[in-house]
Amino acid sequence: MLKLFTVTPARLRRLKFFKTRHHANKWYIEAMIALIDCNSFFVSCEQVAHPELKNKPVVVFSNNNGCIISRSNEAKALGVKMGEAVFKYKHLFETGKVIGCSPSFSLYQKISKQVVQALRGFSPWVEPYSIDESFVRFGGTDQASVLGPGMRQAVLTQTGIPVSIGFGATKTLAKLASDKAKAMPGNIMDLGSYALSRVLNTIPVEEVWGIGYRTTRWLHRHGIETAGAFRDADPHWIRKKMGIGGGRIQRELNGQLCFPVGISVQMPSFYAQEAAQKSLLHSRSFPERITSIPGLQTALAENIKSACAKLRRANLCASEMGFFIKTSRFDSHYDSDAWTYRFPQATNNENEVLRVMKSKLPTLFKSGYRYAKSGVYFNGLIPDSAVQLSFFVNPREEKERALLGTLDHIRQRWGRQSIIRGSSLTSV
DNA sequence: TCTGGGGTCCTAGGACCC
DNA sequence: TCTGGGGTCCTAGGACCC
């Protein structure tokens, strides 16, 4: 229930679409929120593209085929765990008991958009939350028992992707419901229609959206083990100890809407046109450890080129950049160093970024360290049309801009390695 | 000697999410 | 031997201003 405003009779007539109720001298508008969660999304996408993989134990690997990021039900049944290193299941892959796929993120993004499109047929309020999840808002008079199977069928026919759907009065409750839905027949769960208090008392508090590892440990120390116990804890104490975020989660568990649909907490970057993206990061683990400055420089140059290409594709410029190098947290000495730099003028020109990186890298580098990963990030993103041209425009600037646009074009058409700079060959 | 009470903006780091 | 990549939000503390 969403406490919006004092409801006058005139407003009430306009809001007939929603169910309203009166409680403790306040009017509430009842909304119903659904969270649609694609089942084993990356694997399901691979099965759409390669139907012969259906009903088989299949997993999708991360970049470098390092760890497992998606599993089919058959693979789960064989004991393959989410996020685990691939080498731990070497025997399963070598004997052909489990099929492993390298990831194709552009395929996943394409199908993700199709899923969102299918959902838009049911409500104007669809908020993509992650690559495989969307929130959808309905009016209080809509029936979950009708909408659930309808949406599930529509997504399946239009995209081939099976989904689980959870309904609740708030995003937090809908999220919990969708977790439960995975184990329900039909993959649909309506927490609004259940005896909510009893269900919440059976759910471990760490399963609540926004309660992570640190908070869970802290809550346990204070004897709060379940979602129900968290909901019933003293609100002032929660607000004081956990901040504004904790207070919101608690209120949402009580059915009071704090995270409206449409205002995204987090939005996948490829939906950036729907909500301005604020930062952009590109990072990669190395196939082998790197121990020299030239090696790191080559890796960072790759990071920078990819990140700048992303910026230009999105017609964005960055006000600030940063880069980092780190060792592996599985090695004996974990170490991470980063440096940020504010541009005199927002840019997406990789040559400028490269210059900054090359000049600063030697001061970050520590000899004797075995580096495992590098990355570059951009903050303060603004549309490139909004970049204020400096009074003293570098005449080279315009030429470089044109050249980069041409390079982007060629790489898009003939592949990333089709054209490279002579200078990038010498830096290895 | 005694030394107010706001406000804003920025940044680094923590926590969490998928 | 081998362990992903990409995001957001909130808070505390410092600088600065009147």
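- At a non-hydrogen distance threshold of 4.0 Å, Asn63(A), Gly66(A), Cys67(A), Ala85(A), Phe87(A) from residues 63-89 of chain A come into contact with DNA chain C.
- Of the listed nucleotides (dA15(B), dC2(C), dC10(C)), dA15(B) has the atom at the smallest distance from the side chain of Arg214(A).
- Residue Phe61(A) is out of contact with every strand shown, counting any heavy-atom pair closer than 4.0 Å.
- When both pairing distances are held under 3.5 Å, dC18(C) makes a Watson-Crick or G-U pair with dG5(B).
- Aromatic ring orientation, Trp237(A) versus Trp218(A): parallel (interplanar angle below 30°, classes split at 30° and 60°).
- Within the model, atoms CE of Met184(A) and OG of Ser178(A) stand 12.5 Å from one another, a figure rounded to the nearest 0.5 Å.
- Between Phe61(A) and Phe93(A), the distance separating the two ring centers is shorter than 6.0 angstrom.
- Aromatic ring centres of Phe42(A) and Phe105(A) lie closer together than 6.0 Å.
- Within residues 328-336 of chain A, the residues approached by DNA chain C to less than 4.0 Å at the level of any non-hydrogen atom are Arg329(A), Phe330(A), in residue-number order.
- Considering only side-chain N and O atoms, Ser130(A) lies nowhere under 4.0 angstrom from the phosphate OP1 or OP2 of dG7(C).
- Listed nucleotides dC16(B), dC17(B), dG6(C) differ in distance to Tyr129(A); the shortest reach to its side chain belongs to dC17(B).
- Between Arg248(A) and dC10(C), a side-chain N or O to OP1/OP2 separation shorter than 4.0 Å is present.
- Cation-pi geometry between Lys171(A) and Phe259(A) is not met: the NZ or CZ atom fails to fall both under 6.0 Å from the ring centre and inside 45° of the normal.
- Distance from the side chain of Leu280(A) is smallest for dG7(C) among the nucleotides dA15(B), dG7(C), dC18(B).
- Ring geometry for Trp339(A) versus Phe323(A): interplanar angle over 60°, hence perpendicular rather than tilted (30 to 60°).
- For the pair Lys366(A) and Tyr369(A), the cation-pi criterion (under 6.0 Å, within 45° of the ring axis) is fulfilled.
- For Arg239(A), counting side-chain heavy atoms from C-beta on, the closest listed nucleotide (dT11(C), dT3(C), dA15(B)) is dT11(C).
- Here dT1(C) is the nucleotide among dA12(B), dT1(C), dG6(C) with the atom lying nearest to any side-chain atom of Lys90(A).
- Side-chain atoms of Thr215(A) lie closest to dA15(B) of the nucleotides dC18(B), dC2(C), dA15(B).
- At the heavy-atom level, Gly243(A) lies under 4.0 Å from the strands shown only through sugar-phosphate atoms.
- For the pair Tyr341(A) OH and dA12(B) P, the interatomic distance rounds to 15 Å; values are reported in whole Å.
- Counting non-hydrogen atoms under 4.0 angstrom, Val208(A) reaches the backbone sugars and phosphates but no base.
- Between Ser104(A) and the options Lys110(A), Gln109(A), Glu46(A), a side-chain hydrogen bond (donor to acceptor under 3.5 Å, both in side chains) holds for only Glu46(A).
- Distance from the side chain of Ser285(A) is smallest to dG4(C) among dC16(B), dG6(C), dG4(C).
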